[in-house]
Amino acid sequence: VNFMRLNSGGLAIFYCQKNSKGGDCRVMMRTSTDEGRTFADPKQLSPAGKYTGLTNGRCIRLSTGRILLEAWEGGDSYCCISDDDGQTWRDGGRIKPEGGPCYEPACIELKDGRVLMLMRTYSGYVLKAYSEDHGASWGPGIKVLELKLPNTSSALCVKRIPSTGDLLLLRCSAGPQEPFRWRTPFVSILSKDEGETWTNERVLMGAPDNDYGYPSITFVENVALIAYHQRDGLHPSLTSRLHRRQRIHRLARFADHENHRSWLLRRVQHRDESVRHGPGGAGSEDAGNRHARGQHVRLHGRGDMACFRHS
């Protein structure tokens with residue numbers, strides 16, 4: 001599911017509608033004029049009879065006003081394009097890598113006006129491509145050797161940090177082959193040169209027996225709200241019953257706005273108390289939480305919300 005604020009003031013929601021188990025998945029759009037209380041009838045953006053996919057944390061508006069909705073079908077990546085605020089749509093050109101399929105693209109507009117697309121692959125690395133015509137066509141796919149992927153691959157999310165202009169990328173970078181093909185650790189990494197190089201990789205969550213994926217980022221001032229799934233209740237005999245839970249993390253570069261900073265610090269102090277004195281006690285953090293203390297300092301972390309301070 002992806003949301004976008006339209007120029008009209010309304011909301012657009014983009015999602016996939018599965019009409020069969022594996023052969024018919026359609027990209028759909030609905031709009032709301034009352035802040036999501038009700039939605040208009042759906043509009044179909046991809047053809048019937050094909051499996052076309054979206055991933056959460058997608059859909060961007062370029063400086064030209066064009067909307068790009070990242071999609072994939074048949075091992076190709078492309079964008080659905082609208083130049084009239086979502087009234088009409090057309091498909092852009094496709095990326096068809098020679099080395100194998102690509103999926104779940106994530107786009108970001110660069111400062112020079114080009115659009116960078118990063119893609120999930122099973123080659124062991126993230127794939128990138130550039131568009132010089134605002135997503136209508138794409139150059140060749142190029143492996144990004146700094147951005148390794150696990151053998152099960154990993155969904156990506158890329159956003160620009162408002163306060164610094166750096167690119168922030170989330171993904172899983174590794175994972176064991178046996179006994180289960182978990183995607184772990186869940187990491188962030190920065191680019192200070194518009195995606196040419198990537199540095200300062202940090203572990204957000206890294207329990208060796210957990211599985212992380214499908215991240216999305218929403219910035220509120222200088223705080224990044226990061227949603228992702230992880231698997232809970234792990235036990236070898238219960239693997240068929242594992243479920244996914246969306247958890248929200250706050251990756252905090254404390255905002256300059258004093259009221260926002262005070263609110264966040266109060267939340268941190270409250271959650272610190274619950275960690276120290278709650279049912280799990282001081283030793284209740286799992287291996288992933290302890291691992292995350294490296295460069296991201298764990299401030300609190302029981303339950304469905306956690307907080308990290310960027311050191």
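Below, each value reflects all heavy atoms present in this structure, side chains not excepted, and no hydrogens, waters or symmetry copies.
- Ion pair Glu35/Arg5 flagged as a salt bridge, since at least one NZ, NE, NH1 or NH2 atom sits closer than 4.0 Å to an Asp/Glu carboxylate oxygen.
- Between Tyr103 and Tyr122, the ring planes are perpendicular. Angles over 60° get that label, and only those under 30° would be called parallel.
- Looking at Glu194 and Arg160, a side-chain N of the basic residue comes within less than 4.0 Å of a carboxylate O on the acidic one, giving a salt bridge.
- A donor-acceptor contact shorter than 3.5 Å is absent between the side chain of Ser216 and the backbone of Gly57.
- Residues Gly139 and Ala129 come closest through the heavy atom pair O-CB, 3.8 Å.
- Taking the charged nitrogens against the carboxylate oxygens, Glu73 and Arg26 have no contact shorter than 4.0 Å, which rules out a salt bridge.
- One finds the SG atom of Cys59 at 8.0 Å from the CG atom of Leu68 (value rounded to the nearest 0.5 Å).
- A heavy-atom distance below 4.5 Å is not found between the side chains of Leu62 and Ile67.
- The minimum heavy-atom distance between Leu11 and Gly36, with the atom names listed, is CD1-N, 3.9 Å.
- With respect to Leu169, the side chain to side chain contact (heavy atoms under 4.5 Å, CB included) criterion is satisfied by exactly one of Leu190, Val144, Leu156: Leu156.
- A donor-acceptor contact shorter than 3.5 Å links the side chain of Ser131 to the backbone of Ser137.
- For Gly195 against Ser191, the heavy-atom pair with the smallest separation is N-OG, 2.7 Å.
- Counting heavy atoms from C-beta on, the side chains of Leu116 and Lys128 come closer than 4.5 Å.
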Take Glu70 and Met119 through the test side chain to side chain contact (heavy atoms under 4.5 Å, CB included) and record every step on the way to the result. CA-CA 10 Å; Glu70 303 99 312; Met119 292 154 280; over 6 Å; no
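- Side-chain atoms of Lys159 and Phe219, non-hydrogen and from C-beta on, do get closer than 4.5 Å to each other.
- Cluster membership for Ile81 and Leu69, using ILVMFWY side-chain heavy atoms within less than 4.5 angstrom, is not shared.
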Side chain to side chain contact (heavy atoms under 4.5 Å, CB included) evaluation trace for Met117 with Tyr130: CA-CA 6 Å; Met117 179 185 284; Tyr130 294 95; over 6 Å; no
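- No chain of hydrophobic side-chain contacts below 4.5 Å, direct or via other Ile, Leu, Val, Met, Phe, Trp or Tyr residues, connects Leu118 to Leu168.
- No donor-acceptor pair under 3.5 Å is formed between the side chain of Arg183 and the backbone N or O of Ser154.
- The cluster map of Ile, Leu, Val, Met, Phe, Trp and Tyr, joined by side-chain heavy atoms under 4.5 Å apart, puts Leu54 and Met4 in the same cluster.
- Here the CG atom belonging to Asp83 is positioned 12.5 Å from the CD atom belonging to Gln87, to the nearest 0.5 angstrom.
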Requested in this report: Take Asp24 and Tyr51 through the side chain to side chain contact (heavy atoms under 4.5 Å, CB included) test and state the conclusion after the steps.
Outcome: CA-CA 5 Å; Asp24 191 335; Tyr51 196 99; over 6 Å; no
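- Heavy atoms of other residues, nucleotides or ligands lying less than 6.0 angstrom from NZ of Lys43 number more than 12.
- Atom-to-atom distance recorded for Lys143:NZ and Ser123:OG is 4.5 Å, nearest 0.5 angstrom.
- Here the straight-line distance linking atom SG of Cys157 with atom CD1 of Ile217 works out to 4.0 Å at 0.5 Å rounding.
- Leu145 and Tyr125 make their closest contact through O-CE2, 3.5 Å (heavy atoms, listed as atom of the first residue, atom of the second, distance).
- Taking the six-membered ring for Trp and thresholds of 30 and 60 degrees, Phe186 and Tyr228 have ring planes inclined between 30 and 60 degrees apart.
- Tyr214 and Val27 are members of different hydrophobic clusters when ILVMFWY side chains are connected at heavy-atom separations under 4.5 Å.
- Residue Glu104 forms a salt bridge (charged side-chain N to carboxylate O under 4.0 Å, His left out) with just one option from Arg58, Arg171, Arg120, and that option is Arg120.
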Item checked: Intermediate values then yes/no, side chain to side chain contact (heavy atoms under 4.5 Å, CB included), Leu225 and Val220 -> CA-CA 7 Å; Leu225 305 182; Val220 179; 3.9 Å; yes
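- Residues Phe3 and Ile13 are in side-chain contact: their nearest non-hydrogen atoms beyond the backbone lie under 4.5 Å apart.
- When side chains are defined from C-beta on, Thr121 counts as touching Leu149, because their heavy atoms get closer than 4.5 Å.
- A heavy-atom distance below 4.5 Å is not found between the side chains of Asn210 and Thr184.
- The nearest pair of heavy atoms linking Pro150 to Cys172 is CD-O, 3.1 Å.
- In this structure, Thr52 OG1 and Leu45 CG are separated by 10.0 Å, a value rounded to the nearest 0.5 Å.
- Under a hydrophobic clustering in which Ile, Leu, Val, Met, Phe, Trp and Tyr are joined whenever their side-chain heavy atoms come within less than 4.5 Å, directly or via other members, Leu127 and Trp138 fall into the same cluster.
- Because its NZ or CZ atom is both nearer than 6.0 Å to the ring centre of Tyr78 and within 45° of the ring axis, Arg94 counts as a cation-pi partner of that residue.
- Panel note: side chain Arg66, backbone Ile60; no donor-acceptor pair is recorded below 3.5 Å.
- Evaluation of the side chain to side chain donor-acceptor pair (under 3.5 Å) rule for Asp76 yields no partner, not counting sequence neighbours.
- Ionic pairing of Asp85 and Arg61 is present here: one or more N-O contacts between side-chain nitrogen and carboxylate oxygen are shorter than 4.0 angstrom.
- Side chains of Glu109 and Ser63: a donor-acceptor N/O pair is present below 3.5 angstrom, by distance only.
- Trp198 is listed as a side-chain neighbour of Leu167, based on a closest heavy-atom distance under 4.5 Å.
- With a 6.0 Å radius and a threshold of 12 heavy atoms from other residues, nucleotides or ligands, Gln17 has its CD atom above the threshold.
- Leu204 places none of its side-chain heavy atoms less than 4.5 Å from the side chain of Tyr212.
- With values rounded to the nearest 0.5 angstrom, Cys102 atom SG is found 10.5 Å from Lys96 atom NZ.
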